[in-house]
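Let me begin by presenting the structure, written as structure tokens, before commenting on it.
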Amino acid sequence: MTKQQSAFPDDFLWGGAIAANQAEGAWNEDGRGPSVNDYNTHGLVEGELTDTLDLNQYYPSHEAIDFYHRYKEDVKLFAEMGFTCFRTSIAWSRIFPNGNDKEPNEKGLQFYDHVFDELLKYDIEPIVTISHFETPHHLVKEYGGWKSRDLIDFYTNYCETIFNRYKGKVKYWMNFNEINHMHTIPIAAGGLILDDEETKLQDIYQASHHVFVAAAKAQKLLKSIIPNAWMGAMLSLSPIYPDTCNPDDVFESYELRRRSLYYSDVMIRGYYPSYAKRMWKDNGVEVKMEEGDLDIIRAYPVDYLGFSYYRSSTHQAGMKIYGNTGGIIGRENPYLVKTDWGWPIDPKGFRYVCNELYDRYQIPLMIVENGYGGKDEYVEGKILEDPGRVQYLNQHLRNLEEAIRDGCDVIGYTWWGPIDIVSAGTGEMRKRYGFIYVDKDNEGNGTLDRVKKPSFDWYKRIIETNGAVLHDKDE
Ligand code: BGP
């Protein structure tokens, strides 16, 4: 039997993704101001935002894995794996310490110049998230995050600064990380502290409107400053299955899915979907808009859809809806095994969601997060095998390849956490995603040394064969 040809396009972008707050550390170095993560001891889902710092406490984001000082070593390792792209975020508060300062912090701008130069030295394309769960702490406390319309101008000023600074270096941008998490992790997606159940949905939909206007203004700025650059929306889009064929389960799961697709519908189509009005009405929501808002949203849609895929969820009509960084936490799916953190592993769901999204939007797709968080053992300087990660990677890439064969226009794939970093949801280090181990534990102990795991060489083989090697192994 002739070996199956890879279906990945010759110019497919292969790489990995991190976020500033989960990797850089140097949280108050060289003029950086605090973001929501820095006042949080256990991540954005399990932790809580405090007003002040208790210096007897350990804050995972303060040092993270010290990417701020070690980025050259880490980028060299990414280049060794053959990355052709690398996603990270710019920390808004490293550029504008309070988020709305008159002048940018030059040392912060210099840091990202150095990171992008290092990536480009190895022909690695930077993919930049403008705001990755990193709203400046000052804007959360003084303005209530994206509830305030003032954030539109603060954000677009930040965008104008970084577009002008990095126009020769960065082609791929994303406006907000997993913006549909406004509902499930509002502090992360919108810098929102929602303690009044009565007004929660009003605040979420109003904040979302401000985000849509800001995203459109950012796209207008990008196209004027870097005409050939691409702006993406970015959502967490693990699919939602109905728990049974009971039409109630089916329809409510469909509505829950649309609660997320609402964000990509507006940012990709350029207008509010027809179901929005009933969604607002049924929830007593009245979105306040200003003259010109809908015009700018229509005039400046995004160019591609970036999304994260970790797992799938199963929803039963009437059940409580809540989620974490992997997506909606629903009912048990008896057909799927789970990771050590209880995330169902569903490779076929990956193919399903690519088809669902490409059929809906017919614009290029980029998977900017897909990964397996597990407990790797580090014994006497040696990483034991990490078969769970290799299997997850192979199964998901095989299904991604099938999605490409199905006709989906997928332009790139960045594995979430190519190097161990701090977990967004729980603030843990022991939830490891990396092909590279970082010697640090949940309490902050360790040398921060980097050690290759067995999966490092395997991902390198996948990239150098453009996916063809996936058919050499059955596991
Ligand atoms: C997504 C975030 C990432 C990343 C990922 C994994 O929601 O965009 O920042 O952290 O989830 O989640 P966790 O780190 O909680 O395992």
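These numbers come from a predicted model, not from an experiment. First listed ligand is number 1; within each ligand, the first listed atom is number 1.
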Inset, instruction - Using only heavy-atom distances, determine whether the side chains of N370 and Y413 contain a donor-acceptor pair under 3.5 Å. - result: yes
Inset, instruction - Show the numbers, then the answer: is there a side-chain hydrogen bond (donor to acceptor under 3.5 Å, both in side chains) between Q219 and D303? - result: CA-CA 9 Å; Q219 172 69 313; D303 305 299; 3.1 Å; yes
Legend entry - Min side-chain heavy-atom separation F435-M81 under 4.5 Å: yes
Legend entry - Protein heavy atom at shortest distance from atom 5 (C) of ligand 1: Y310 OH, 3.2 Å
Inset, instruction - Kindly confirm or rule out an N or O of G425 lying under 3.5 angstrom from an N or O of ligand 1. - result: yes
Inset, instruction - Please write down residue, atom name and distance for the protein heavy atom closest to atom 14 (O) of ligand 1. - result: A424 N, 2.7 Å
Inset, instruction - Between V45 and ligand 1, find which residue part has any heavy-atom pair under 4.0 Å and reply side chain, backbone, both or neither. - result: neither
Legend entry - Heavy atom of the protein closest to atom 12 (O) of ligand 1 (residue, atom name, distance): T325 OG1, 3.2 Å
Legend entry - H396-Y372 side chain donor-acceptor pair, cut-off 3.5 Å: no
Legend entry - Heavy-atom check, side chain of V410 versus side chain of F12, under 4.5 Å: yes
Inset, instruction - Please confirm whether T426 comes within less than 3.5 Å of ligand 1 when only nitrogen or oxygen atoms on both sides are compared. - result: no
Inset, instruction - Hey, can you tell me if F78 and F86 have their rings parallel, tilted or perpendicular (30° and 60° cut-offs)? - result: parallel
Legend entry - Heavy atom of the protein closest to atom 2 (C) of ligand 1 (residue, atom name, distance): E369 OE1, 3.4 Å
Inset, instruction - Heavy-atom contacts with H132 under 4.0 Å: which atoms of ligand 1 show up? List them by number with element. - result: 2 (C), 3 (C), 8 (O), 9 (O)
Legend entry - Of the listed options W416, Y433, W343, W341, closest to atom 4 (C) of ligand 1 (non-hydrogen atoms): W416
Inset, instruction - Report the nearest protein non-hydrogen atom to atom 9 (O) of ligand 1: residue, atom name, distance rounded to 0.1 Å. - result: Q22 OE1, 2.6 Å
Inset, instruction - Measure up the W14 and F8 rings against each other and bin them: parallel (under 30°), tilted (30 to 60°), perpendicular (over 60°). - result: tilted
Inset, instruction - Can you label the angle between the Y155 ring and the Y158 ring as parallel, tilted or perpendicular, going by 30° and 60°? - result: perpendicular
Legend entry - Proximal atoms of ligand 1 relative to S423 (non-hydrogen, under 4.0 Å): 13 (P), 14 (O), 15 (O), 16 (O)
Inset, instruction - Can you pull out the closest protein heavy atom to atom 7 (O) of ligand 1? Residue, atom name and distance to 0.1 Å, please. - result: E178 OE1, 2.4 Å
